[in-house]
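Everything below concerns the one structure shown next.
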Amino acid sequence: MNYWLVKSEPSAYSWDDFVKDGGTRWDGVRNYQARNNLIAMKKGDPVLYYHSGALPEVVGTAKVAKGSYQDPTTDDERWVAVDLAPVKPLKRPVALGEIKKEKRLKDISLTKQGRLSVMPVTKEEYDVILGMGSG
DNA sequence: GCCAACGTTGGC
DNA sequence: GCCAACGTTGGC
């Protein structure tokens with residue numbers, strides 16, 4: 001089992017939209033590294049849901065509802081999509097600033113590769129963020 | 001709104 | 001295959 005973090009700009013698609021929809025297709029990714037991460041996602045893998053933009057923070061947990069398949073928004077067979085389903089919101093969001101300050105998260109891809117939109121996290125990183133978000 | 005980081009494109 | 005120019009992302 002692998003652990004992941006996905007970014008979304010809340011003005012485009014927020015956590016609340018995600019919950020209201022009961023899940024969504026994660027498509028439109030046009031970056032090879034992010035694409036490779038999508039391909040590595042397996043049904044049931046836990047996912048952290050992160051808001052980028054004015055208020056950068058991890059807001060909730062999700063899971064992979066369906067592994068990768070051809071991205072239906074393009075005929076270009078290089079690109080794939082996955083389906084994600086919401087699990088639950090964090091009791092309190094974990095801000096990027098806190099993540100940067102937390103020693104146990106010093107190697108997290110979120111801060112190492114700022115522009116990557118789909119990235120793996122370790123189980124430890126996942127658990128630490130969940131712990132910080134539990135109140 | 002600015003700017004740094006960095007992926008992509010295209011000329012050579 | 002190199003590298004400069006360009007575009008996009010995302011933090012501040």
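Sequence lines set the chain letters: A, B, ... in the order given, protein chains first and strands last, and positions in each chain run from 1. These numbers were taken from a predicted model, which means no experiment stands behind them. Side chains are part of it too, since the values below use all heavy atoms of this structure and drop only hydrogens, waters and symmetry mates.
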Rounded to the nearest Å, what distance is computed from the OH atom of residue A:Tyr50 to the C1' atom of nucleotide C:dT9?
11 Å
Within this structure, what is the CD-to-P distance between A:Glu57 and C:dC12, rounded to whole angstrom?
13 Å
In residues 101-112 of chain A, which ones come under 4.0 Å of DNA chain C, going by heavy atoms?
none
Can the ring centroids of A:Tyr32 and A:Trp79 be said to lie less than 6.0 angstrom from one another?
yes
For residues 127-135 of chain A, please give each side-chain donor-acceptor pair under 3.5 Å, one per line with the distance, not counting sequence neighbours.
unit_1   : atom_1 : unit_2   : atom_2 : d
A:Asp127 : OD2    : A:Lys123 : NZ     : 2.7
A:Ser134 : OG     : A:Gly131 : O      : 2.8

Take atom CG of A:Leu116 and atom C1' of C:dG10, then tell me their distance rounded to the nearest Å.
12 Å
For nucleotides 1-8 of chain C, give me one character per nucleotide, 5' to 3': B if any protein heavy atom sits under 4.0 Å from the base, S if the only such contacts are to the sugar-phosphate, - if neither.
------BB
Under 4.0 Å between a side-chain N or O of A:Lys7 and OP1 or OP2 of C:dT9?
no
Between A:Asp71 and A:Arg30, is there a salt bridge with N-O shorter than 4.0 Å?
yes
Determine whether the side chains of A:Asp45 and A:Trp4 contain a donor N or O and an acceptor N or O closer than 3.5 Å.
yes
Would you kindly give the CZ-to-C1' distance between A:Arg30 and B:dT9, to the nearest whole Å?
17 Å
Across all chains, not counting sequence neighbours, the ring-ring contact (aromatic ring centres under 6.0 Å, His included) partners of A:Tyr13 are none
To the nearest 0.5 Å, tell me how far A:Leu84 CG sits from A:Lys63 NZ.
11.0 Å
So the salt bridge (charged side-chain N to carboxylate O under 4.0 Å, His left out) pairs with at least one residue in residues 87-98 of chain A (sequence neighbours excluded) are A:Arg92-A:Glu98
Residue set satisfying ring-ring contact (aromatic ring centres under 6.0 Å, His included) with A:Trp26, at least two apart, ordered chain then number -> A:Tyr49
